Amino acid sequence: MSSTNTTTVGTIGAPSRRNTELAMLLFAVLIPVFAYVNVGLAKDGSVPAGVLGYALGLGLLAGVAHLVVRKWAPYADPLMLPIATLLNGLGLVFIWRLDQEPAITTKQLGGAMAPGQLMWSTLGVGLFLAVLVFLKDHRVLQRYTYISMVVALALLIAPVFFPARFGARIWITIPGIGGLQPGEFAKIIIAIFFAGYLMVKRDALALASRRFMGMYLPRGRDLGPILVIWALSLMILVFETDLGTSLLFFGLFVVMLYVATERTSWIVFGLLLSGGGAVAVATFESHVQVRVHNWLNPLELASNGGVTETAQSMYSFGSGGIMGSGLGQGYSRLIGGIAPKSDYILATVGEETGLAGLMGVLLLYGLLIERGIRTALAARDPFGKLLAIGLSGAFALQVFVVAGGVTGLIPLTGMTMPFLAQGGSSVIANWALVAILLRISDTARRPAPAPAPSTDAEMTQVVRP
Amino acid sequence: MNKPLRRVAIFCGLLVLALLIRVNWVQFVQGDQLKNDPHNRRVAIERYSKPRGNIIVDGKAVTGSTITDSGDFKYKRTYKNGKMWAPVTGYASQAFDSNQLEKLNDGILSGTDDKLFFSRTVDMFTGGKQAGGNVVTTLDAKAQKAAFEGLGNKKGAVAAINPETGAILALASTPSYDPSTFAGNSNKDAEAFNALQKKNDPDDPMLNRALRQTYPPGSTFKVVTASAALENGLYNDVDADTRSPLPYTLPDTSGIELKNEGNIPCENASLRKALRYSCNTVFGKISADLGNKKMKAEAEKFGFNNSKIDTPVRAAESIFPTDNRPQNAMAGIGQASNRATPLQMAMIASAVANGGKLMKPYMVEQLEAPNLNVVQQHTPQVMSHPLAPENAQKVQSIMETVVKEGTGTMAQIPGVIVGGKTGTAQHGENNKDNPYAWFISYAKTSKGTPVAVAVVIEGSDTLRNDIAGGKLAAPIAKSVMEAVIESNK
């Protein structure tokens with residue numbers, strides 16, 4: 001019996017919610033396993049042979065992740081891990097399901113992709129665990145503000161030196177291993193840089209400004225950083241022909257700047273600059289023009305009379321209708337190539353699980369994003385707040401840009417749906433992203449350490465017989 | 001920093017909301033439209049995912065379906081004796097769409113028609129495999145075979161009708177094509193299809209001559225002219241003198257004579273004699289005496305100038321022209337701008353044989369659900385009354401004379417009364433091309449009038465002076481009529 005127990009009113013800590021997480025993880029594992037069985041039954045009329053391995057593998061990953069969270073981040077948000085697991089598990093099922101289509105699983109197209117994706121997912125969860133175990137406090141990252149900047153710039157610029165793949169220069173090709181999309185990692189690292197930089201500069205940016213027509217105009221020298229980022233994002237667009245990444249970085253910066261300074265004027269500047277930049281680039285970049293044209297005329301036939309990828313994905317969504325064709329019974333393979341497994345994975349979701357399933361998946365993303373922002377709200381330190389909003393904002397923009405592009409809401413860009421789509425870089429980076437958010441939320445919800453026992457109190461303690 | 005954070009939270013919520021609205025728009029509002037878009041390959045995949053229903057003749061399917069191992073389409077159409085039946089069935093190809101019965105009854109054959117709603121619903125609950133229904137035709141396999149084999153290597157067409165109902169019994173066209181050769185979607189199918197196109201094959205084998213090609217009907221049209229004369233009271237007795245001069249000069253011309261074929265007794269000939277010898281002068285004069293308006297009215301009662309003769313495959317429009325007096329006189333003997341399809345000419349023979357009552361021609365008797373329940377049954381319809389019954393008797397009598405002792409003796413069938421009319425229509429400028437040989441006829445037995453038939457043969461290798469409807473076309477008509485009588489026994 002310890003001495004502190006004598007106080008009758010103690011600090012009641014927030015409940016850890018780890019059991020809630022465990023219960024939801026159970027669903028997050030079971031749903032993809034059922035989906036996996038469903039595909040097998042629909043395609044061959046039998047339960048697929050790999051189901052046990054798949055269930056055990058996914059269960060093991062989720063279980064280990066849960067135990068590590070329980071041990072090293074006990075107060076972390078209970079929703080994020082189950083949502084990420086569910087999305088990752090469903091993504092594996094959809095990729096495996098598309099592997100069952102011989103037409104898009106030829107040797108030239110890289111063969112079956114589910115085993116590789118399972119390996120990348122495992123690596124992703126490994127990185128997730130490493131972050132939770134070794135990053136005891138997210139504020140440590142603050143020390144690496146400027147190193148992050150250099151690394152992020154290097155990652156962003158690197159693809160220029162590698163050949164373009166699928167029309168966009170966003171890949172680093174490593175012989176023997178394959179392609180790497182550095183943009184996915186740069187997303188996290190640049191959020192760290194922005195958070196550190198803005199935490200230091202936010203007062204200068206917010207306060208040193210002139211009022212003009214009801215808006216606070218920033219000083220010329222404070223405009224510097226935003227102009228640099230703007231130029232950088234335009235350069236990504238021009239040299240890497242990557243609309244998505246450039247939009248993501250610029251949007252991320254504007255959101256974080258707004259949160260740091262609480263000045264609406266930055267949003268106005270941001271929108272003006274991004275709008276102007278996009279229009280300017282679109283006038284001379286044929287790649288962007290083609291994307292915009294396809295967006296405005298989704299069903300138009302290609303010049304050779306064939307049906308375009310854009311049209312095929314629209315047909316996929318339309319044919320799915322409200323309830324969908326059922327897993328394994330759609331024809332999203334008509335999109336052709338490896339696109340149905342990567343950029344257009346949502347088309348398969350939409351066709352086979354219908355509007356109902358697709359809305360469910362989008363709501364899962366929405367939930368994950370809002371839990372991230374909730375973490376930012378709860379965080380106690382400005383760096384944590386900025387980092388959490390940066391990561392959630394980047395995630396939100398990516399989901400919007402990809403899902404909006406595939407469904408024809410905005411022009412298509414070459415990015416992948418986090419967790420769902422085939423792609424090693426994406427799944428690894430997003431697991432790391434979730435890990436950092438969990439770390440911040442753990443710090444935020446952790447009960448304040450009990451005050452150190454005062455020596456005076458010791459002395460006046462009543463000694464019981 | 002929490003105020004901007006809350007705003008960002010709302011902004012992110014709006015982004016997700018925008019996505020949700022967009023997917024509702026694409027999958028719910030536009031869903032059906034995208035689903036049924038002709039460029040959406042799922043439409044074709046679905047169509048070929050199950051065996052297509054069959055087109056039935058005499059209780060036997062003339063079509064089939066076979067499983068293919070290539071590509072998206074599981075089942076491919078096959079045809080039994082495709083060349084013979086192509087003018088009836090049309091084609092259904094994975095790569096080249098479909099036509100004729102295959103197209104018009106696609107809903108039934110592919111099992112998507114609303115008429116099959118009940119059987120589909122039952123299938124849904126019982127877990128039965130969805131299938132296509134059948135199209136039961138009126139055709140007579142023996143008659144079709146006689147027609148197709150009679151045409152042989154010659155270019156031409158045959159149409160045979162049951163005068164009492166309008167049911168089409170034979171519909172042959174040569175040269176023909178086998179729709180099996182391009183039912184799939186491989187390169188081989190594409191080659192076969194291209195080779196059949198008119199630009200690659202001047203004989204145009206994919207043209208359905210029986211329904212879709214018009215020819216000058218020549219002397220066979222004189223049956224209509226004789227009917228017009230009786231109906232309008234120009235003559236009442238088919239054996240009375242028609243007071244027709246020989247030579248006869250076309251009206252409103254400076255002495256252009258309308259000539260007969262050879263030296264035949266046409267001066268003042270009766271209608272019976274004029275039809276028996278096929279006198280151009282007599283019938284040209286009748287047409288001129290009646291005038292364009294009355295001639296046209298009678299022709300239209302027989303089905304001319306009607307662009308909507310749907311069997312259900314639509315027949316080309318046969319034309320009796322509005323024209324000046326000399327041209328009208330020529331049209332009265334089936335020349336000038338007068339054009340008719342073989343089906344039209346069979347309809348003329350059938351109206352005469354059916355006591356002046358023209359039945360609407362049709363070739364689909366029933367539509368069947370996959371479980372063989374009848375979902376639609378054709379009932380014979382009267383199309384028009386081109387002849388009063390007593391006048392029909394008179395025209396029959398003179399047509400029978402043609403076969404008994406005139407130009408149509410080749411069509412005689414022992415023990416059966418056959419009425420007919422031959423025709424040899426001029427063709428080409430100044431008659432330089434091979435003429436068209438025509439024969440129209442009907443047969444009467446003790447049980448009624450089971451068949452009327454029209455045969456046309458275009459450009460044949462036979463020597464020009466040999467081409468006379470009686471020699472080339474009449475034997476084919478005869479064997480078709482015999483086949484029908486045989487199968488009615």
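Only heavy atoms go into these numbers, but all of them, side chains included; no hydrogens, no water, no symmetry mates. Here the structure is a predicted model, which is why all the values come from computation and not from measurement.
Within the model, atoms CZ of R374(A) and CG of L5(B) stand 11.0 Å from one another, a figure rounded to the nearest 0.5 Å. Atom CD of Q30(B) sits about 6.0 Å away from atom CE of M314(A), to the nearest 0.5 Å.
Of residues 192-202 of chain B, not one residue has a non-hydrogen atom less than 4.5 Å from any non-hydrogen atom of chain A. Residues of residues 35-43 of chain B having a heavy atom under 4.5 Å from any heavy atom of chain A, listed by number: K35(B), D37(B), H39(B), N40(B), R41(B), R42(B). For a heavy-atom cut-off of 4.5 Å, chain A lies close to V8(B), A9(B), C12(B), G13(B), L15(B), V16(B), A18(B), L19(B), L20(B), R22(B), V23(B), N24(B), V26(B) in residues 8-26 of chain B.
The greatest number of non-hydrogen atom pairs below 4.5 Å with chain A, out of Q33(B), R7(B), K3(B), is found for R7(B). Of the residues considered (S392(A), G354(A), G393(A), G372(A)), G354(A) shows the highest number of contacts with chain B, using heavy-atom pairs under 4.5 Å. Top candidate by heavy-atom pairs under 4.5 Å with chain B, chosen from I369(A), L334(A), I322(A), is L334(A).
In this structure, the portion of L299(A) lying under 4.5 Å from any heavy atom of chain B is its side chain and not its backbone. In this structure, chain B has a heavy atom under 4.5 Å from the side chain of E370(A), while its backbone stays farther away. Of the two parts of S316(A), the backbone and the side chain both hold a non-hydrogen atom closer than 4.5 Å to a non-hydrogen atom of chain B. Residue L386(A) touches chain B through its side chain alone, counting heavy-atom pairs closer than 4.5 Å. Proximity to chain B involves both the backbone and the side chain of L409(A), based on heavy atoms less than 4.5 angstrom apart. Residue P102(A) does not touch chain B at all, counting heavy-atom pairs closer than 4.5 Å. Contacts between V307(A) and chain B at a heavy-atom distance below 4.5 Å involve the side chain alone, from C-beta outward. Contact annotation for L362(A): both backbone and side-chain heavy atoms come within less than 4.5 Å of a heavy atom of chain B.
Scanning all heavy atoms of the two residues, the minimum distance from P4(B) to E262(A) falls at CG-CG, 3.6 Å.
Residues satisfying the side-chain contact (heavy atoms from CB on, under 4.5 Å) test with T348(A), not counting sequence neighbours, are F94(A), R97(A), L98(A), S332(A), E352(A).
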